[in-house]
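The structure under discussion appears below in the form of structure tokens.
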Amino acid sequence: MKIRAVTGVKDILPEEIWKWRFIEEVSRKTLEEYGFAEIRVPLFEYTELFLRSIGQTSDIVEKEMYTFEDSKGVNISLRPEGTAGVVRACIEHNLISAPSMEKFYYMGAMFRHERPQKGRYRQFFQIGAEAFGSEGPQVDAEIISMLHLLMDRLGIRDTVIEINSLGCSACRPEYRKALKDFLGTKLDLLCSDCRRRYEVNPLRVLDCKNPACKDAAVNAPQGMTCLCGSCMTHFESVKEFLTELGVPFKFNGRLVRGLDYYTRTTFEITTDKLGAQNAVAAGGRYDGLVEDLGGTSIPGIGFALGMERMAALLPEEMQRPNRIDIYLAPLGAEARRRALLLLHGLRSRGIRAESEYQERSLKSQMRQADKIGAAFAGILGENELARGVLLLRDMQSKVQTEVPLDQAVEKVWEQILKVHT
RNA sequence: GUGAGUGUAGCUCAAUGGUUAGAGCACUGGACUGUGGCUCCAGGGGUUGGGGGUUCAAGUCCCCUCACUCACCCCA
């Protein structure tokens with residue numbers, strides 16, 4: 001068998017990795033401005049954790065988890081999402097307690113055994129954040145507005161923020177019943193998937209893309225009309241705060257999340273530029289999850305964003321940054337020996353320097369300097385060697401200056417500073 | 001899990017069933033023997049995804065298989 005990467009996973013090559021780093025850097029900065037602290041939790045957990053958090057009947061658990069037994073027969077799963085592990089760690093290490101706010105963020109790989117397609121992989125990277133300790137609508141608005149700011153900083157436009165409220169443990173069952181009563185009269189109009197959903201999770205019928213189902217559900221009761229008083233007030237406040245913060249959003253009464261733990265506010269940032277996978281970030285409140293997993297009753301809210309999808313949406317005009325400051329082009333064995341020392345000096349000073357190690361024409365070395373995008377070329381031939389100088393060429397302006405070899409490191413440093421400012 | 005499309009050089013793609021499977025880009029060298037991007041010339045690079053079949057002859061037709069892509073489903 002030919003050796004290759006496993007189906008549905010991909011290598012992120014050097015020519016593209018700058019996008020990931022850019023997204024990570026901007027996200028880190030933004031999250032930390034909002035008071036989130038990084039946490040790293042394992043890539044795998046006992047399967048039971050996901051069964052209890054995400055929900056037995058969710059598609060993720062039913063058919064998308066990488067589940068296996070280790071050599072001792074312990075049932076393990078690769079994490080399909082990040083929230084469950086973070087909540088587990090918080091409970092285990094007593095990181096959260098009732099009234100005080102605690103905020104965490106993470107970035108890393110998630111695994112789902114789905115059929116790969118555009119924007120969907122079996123190993124994919126998410127950046128996620130979770131805020132515990134407050135059920136106040138300010139937190140909801142803050143998280144959504146933070147995402148809005150983050151998208152803006154990344155230069156990603158053409159996305160829409162959609163929000164909805166799913167109600168709480170008091171009013172959701174009522175809505176579910178109302179919806180079931182309504183859909184019960186339309187069963188023969190629904191697709192086979194939706195007839196199954198009707199039994200297991202009727203809310204998801206609203207999410208079906210099948211035109212017949214959309215028609216059948218057009219007059220379905222909206223979740224909003226069934227919200228209890230406190231959920232209604234909460235949702236109204238979230239919308240008010242968002243408006244005050246200047247965050248544009250769209251109410252979408254059909255926005256249903258695929259994970260069972262969500263309550264009250266849910267939101268999604270969508271785009272039409274990614275084919276069938278339109279969600280770039282999504283999240284919501286999960287006021288019951290901590291308790292469900294064995295902690296005390298602590299409300300929480302969080303989101304996750306898809307790095308591959310973000311990377312695909314970065315503005316096309318963004319360029320891969322230069323990775324080398326100076327390329328040394330030595331001519332002859334003696335010059336190459338001297339270049340080795342100079343390289344060491346430059347690099348020790350924090351200058352990104354590269355060189356050719358074999359005998360090659362100056363022409364080809366200059367071509368190489370150009371190809372890797374070096375800001376400067378340093379030419380060191382017999383001529384220069386004899387006079388103890390380095391010929392420094394600014395690749396953009398083509399201006400060449402000679403600097404004394406024994407001061408080369410400092411001179412190069414000065415020139416680079418000039419270019420960078 | 002279901003459906004459709006596509007597999008030929010590192011990449012993008014040509015090649016009526018018929019000679020030794022080509023081109024552009026990329027790479028290397030040269031024209032310019034010490035100066036990058038443009039131009040021109042030359043060179044290296046292939047188990048035509050894999051296996052079987054039909055045929056005098058298969059990259060081309062048939063079957064199987066694998067992979068990729070897109071979509072359904074679902075989601076970040």
Side-chain angles (χ1 to χ4, degrees), chain A residues 1-10 13 15 23 54 57-65 79-83 107-128 147 159 191-194 196-197 201 204 207-210 213 255-259 267-271 274-283 302-313 327 329-332 335 358 360-385 391-400:
Chain A
M1 189 179 113
K2 203 172 166 185
I3 196 127
R4 55 175 169 73
V6 171
T7 295
V9 307
K10 66 166 189 172
L13 304 177
E15 63 180 23
I23 294 167
I54 300 167
T57 63
S58 69
D59 282 349
I60 291 177
V61 164
E62 272 184 351
K63 51 190 192 193
E64 295 172 5
M65 281 218 293
R79 63 182 184 189
E81 59 101 44
T83 302
M107 27 187 58
M110 307 295 161
F111 306 86
R112 291 182 202 172
H113 192 114
E114 302 177 273
R115 195 73 175 263
Q117 71 185 70
K118 192 182 181 70
R120 193 171 80 181
Y121 308 96
R122 288 184 177 174
Q123 172 181 281
F124 57 101
F125 290 83
Q126 284 190 339
I127 297 176
L147 268 172
T159 55
C191 68
S192 58
D193 281 328
C194 279
R196 188 177 57 85
R197 291 188 187 110
N201 190 347
R204 288 223 226 126
D207 221 17
C208 186
K209 285 164 193 151
N210 187 318
C213 300
L255 182 62
V256 178
R257 313 266 60 250
L259 287 65
F267 53 90
E268 207 168 274
I269 298 187
T270 59
T271 174
L274 244 41
Q277 314 307 317
N278 63 354
V280 299
F303 72 86
L305 63 83
M307 296 250 287
E308 287 80 0
R309 295 181 185 181
M310 293 297 221
L313 288 176
Y327 185 90
L331 298 166
Q358 291 178 300
R360 291 181 67 184
S361 68
L362 180 60
K363 182 189 182 68
S364 68
Q365 296 197 59
M366 292 302 289
R367 234 200 312 261
Q368 186 65 12
D370 185 54
K371 198 181 86 181
I372 66 176
F376 293 91
I379 297 166
L380 192 59
E382 284 173 19
N383 231 326
E384 289 76 16
L385 216 49
L391 185 56
L392 197 58
R393 177 182 176 90
D394 182 321
M395 293 298 281
Q396 218 158 31
S397 68
K398 299 186 180 185
V399 173
Q400 299 193 158

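Quick note on labels: first sequence line is chain A, next is B, and so on, each numbered from 1.
Checked against C75(B), U28(B), G34(B), the side chain of L362(A) finds its nearest nucleotide in G34(B). For M366(A), whose side chain is taken as the heavy atoms from C-beta onward, the closest listed nucleotide among G34(B), G37(B), U35(B) is U35(B). Ranking G36(B), C75(B), G34(B) by closeness to the R367(A) side chain, first place goes to G36(B). Closest to the E382(A) side chain, of the nucleotides G34(B), A71(B), A76(B), is G34(B). Distances were taken from every side-chain heavy atom of A282(A) (C-beta onward) to each of C70(B), G34(B), A76(B); the shortest belongs to A76(B). Of all nucleotides listed (G36(B), C72(B), A76(B)), A76(B) comes nearest to the side chain of F124(A).
Nucleic acid contact class of A281(A) (heavy atoms, under 4.0 Å, all strands): sugar-phosphate only. When heavy atoms are screened at a 4.0 angstrom cut-off, S364(A) is found touching the sugar-phosphate backbone but no base atom. Using a 4.0 Å heavy-atom distance criterion, I60(A) is classed as making no nucleic acid contact. Within 4.0 Å of Q123(A), counting heavy atoms only, lies no atom of the nucleic acid at all. When heavy atoms are screened at a 4.0 angstrom cut-off, K363(A) is found touching base atoms of the nucleic acid. Residue contacts for G275(A): at a heavy-atom cut-off of 4.0 Å it reaches the sugar-phosphate backbone alone, with no base atom in range. Among the atoms of the strands shown, none is found under 4.0 Å from any heavy atom of G283(A). Residue contacts shown for E64(A) are limited to sugar-phosphate atoms, with no base heavy atom under 4.0 Å away. Residue contacts for I379(A): at a heavy-atom cut-off of 4.0 Å it reaches a base atom on one of the strands shown. Nucleic acid contact class of F376(A) (heavy atoms, under 4.0 Å, all strands): none.
For the P atoms, the distance from C62(B) to A58(B) is 16 Å, rounded to whole Å. Remark: the separation of the C1' atoms in A57(B) and U20(B) is 16 Å, to the nearest Å. Only the C1' atoms considered, A15(B) is 22 Å distant from G50(B), to the nearest whole Å. The separation of G24(B) from U65(B), taken at their P atoms, amounts to 39 Å, rounded to a whole angstrom. Nucleotides U19(B) and C25(B) have their C1' atoms positioned 28 Å apart, rounded to a whole Å. On the P atoms, G59(B) is 14 Å away from U47(B), given to the nearest whole Å. Comparing the P positions of C13(B) and U69(B) gives a spacing of 14 Å, expressed to the nearest Å. Taking atom C1' on both nucleotides, G1(B) is separated from U16(B) by 41 Å, rounded to a whole Å.
Looking at R309(A), its side chain comes within 3.5 Å of the base of C75(B) through a donor and an acceptor atom. Under 3.5 Å, the side chain of Q400(A) and the base of U35(B) form at least one donor-acceptor pair of N or O atoms. For Q396(A) against G36(B), a side-chain-to-base donor-acceptor contact under 3.5 Å is absent. Within 3.5 Å, a donor on the side chain of N278(A) pairs with an acceptor on the base of C75(B), or the reverse. Between the side chain of R4(A) and the base of C68(B), no donor-acceptor pair under 3.5 Å is found. Residue R115(A) places a side-chain atom within donor-acceptor reach of the base of U2(B), judged by atom type and a 3.5 Å distance cut-off alone. In the interface, the side chain of K398(A) is paired with the base of G37(B) through a donor and an acceptor atom under 3.5 Å apart.
Within the 3.5 Å criterion, the main-chain N or O of R115(A) finds a donor-acceptor partner in the side chain of R120(A). Side chain of R393(A) to backbone of A377(A): no donor-acceptor contact under 3.5 angstrom is found. Using modelled atom types, one side-chain atom of Q365(A) and one backbone atom of P330(A) make a donor-acceptor pair closer than 3.5 Å. No donor-acceptor pair closer than 3.5 Å links the side chain of Q123(A) to the backbone N or O of G8(A). Side chain of R79(A) to main chain of A109(A): a donor-acceptor pair is present (N/O by atom type, distance under 3.5 Å, no hydrogens or angles).
Protein atom OH of Y327(A) is 14 Å distant from nucleotide atom P of G36(B), rounded to whole Å. Taking atom CD1 of I23(A) as the reference point, atom P of A76(B) lies 17 Å away to the nearest angstrom. Across the protein-nucleic acid pair, E308(A) atom CD and U69(B) atom P stand 13 Å apart, rounded to whole Å. Here the P atom of nucleotide C68(B) and the CZ atom of R120(A) are 14 Å apart, to the nearest Å. As rounded to whole Å, 13 Å separates atom P of C27(B) from atom CD1 of I372(A). In this entry the distance linking CD of Q368(A) with C1' of U28(B) reads 11 Å, nearest Å. Atom C1' of nucleotide A76(B) and atom CD of Q126(A) are separated by 5 Å, given to the nearest angstrom. Between the C1' atom of A26(B) and the NZ atom of K371(A) lies a distance of 9 Å, rounded to the nearest Å.
When both distances must be under 3.5 Å, the Watson-Crick or G-U wobble mate of U55(B) does not exist. The pairing partner recorded for U69(B) is A4(B), the criterion being a Watson-Crick or G-U wobble arrangement whose two distances lie under 3.5 angstrom. Nucleotide A76(B) is matched to nothing when pairs are restricted to Watson-Crick or G-U wobble geometry with both distances under 3.5 angstrom. Across all strands shown, G46(B) has no partner, as no Watson-Crick or G-U wobble contact with both distances under 3.5 Å is found. Applying the Watson-Crick and G-U wobble criteria (two distances, each under 3.5 Å), C38(B) pairs with nothing in any strand. Both distances falling under 3.5 Å, in either a Watson-Crick or a G-U wobble arrangement, occur for no nucleotide opposite U20(B).
At a threshold of 4.5 Å between non-hydrogen side-chain atoms, the residues R122(A) and V6(A) do not count as touching. Residues M307(A) and M107(A) have side chains not in contact (no heavy-atom distance under 4.5 Å, counting atoms from C-beta outward). Residues D59(A) and E114(A) have side chains not in contact (no heavy-atom distance under 4.5 Å, counting atoms from C-beta outward).
Using a 4.0 Å cut-off, no side-chain N or O of K63(A) falls inside it from OP1 or OP2 of C73(B). Of the side-chain N and O atoms in Q117(A), one or more sit less than 4.0 angstrom from OP1 or OP2 of A71(B). Between R393(A) and G34(B) there is no side-chain N or O to OP1 or OP2 distance below 4.0 Å. OP1 and OP2 of U35(B) both lie 4.0 Å or more from every side-chain N or O belonging to S361(A). For the OP1/OP2 pair of U28(B) and a distance below 4.0 Å, the side-chain nitrogens and oxygens of R360(A) include at least one atom meeting the criterion.
In terms of position along RNA chain B, the nucleotide closest to D394(A) lies nearer the 5' end than the nucleotide closest to the other residue of the pair V280(A) and D394(A).
Other residues, nucleotides and ligands place no more than 12 heavy atoms under 6.0 Å from the CD atom of E382(A).
A pairwise comparison of heavy atoms in L255(A) and E268(A) identifies CD1-OE1, 3.5 Å as the closest pair.
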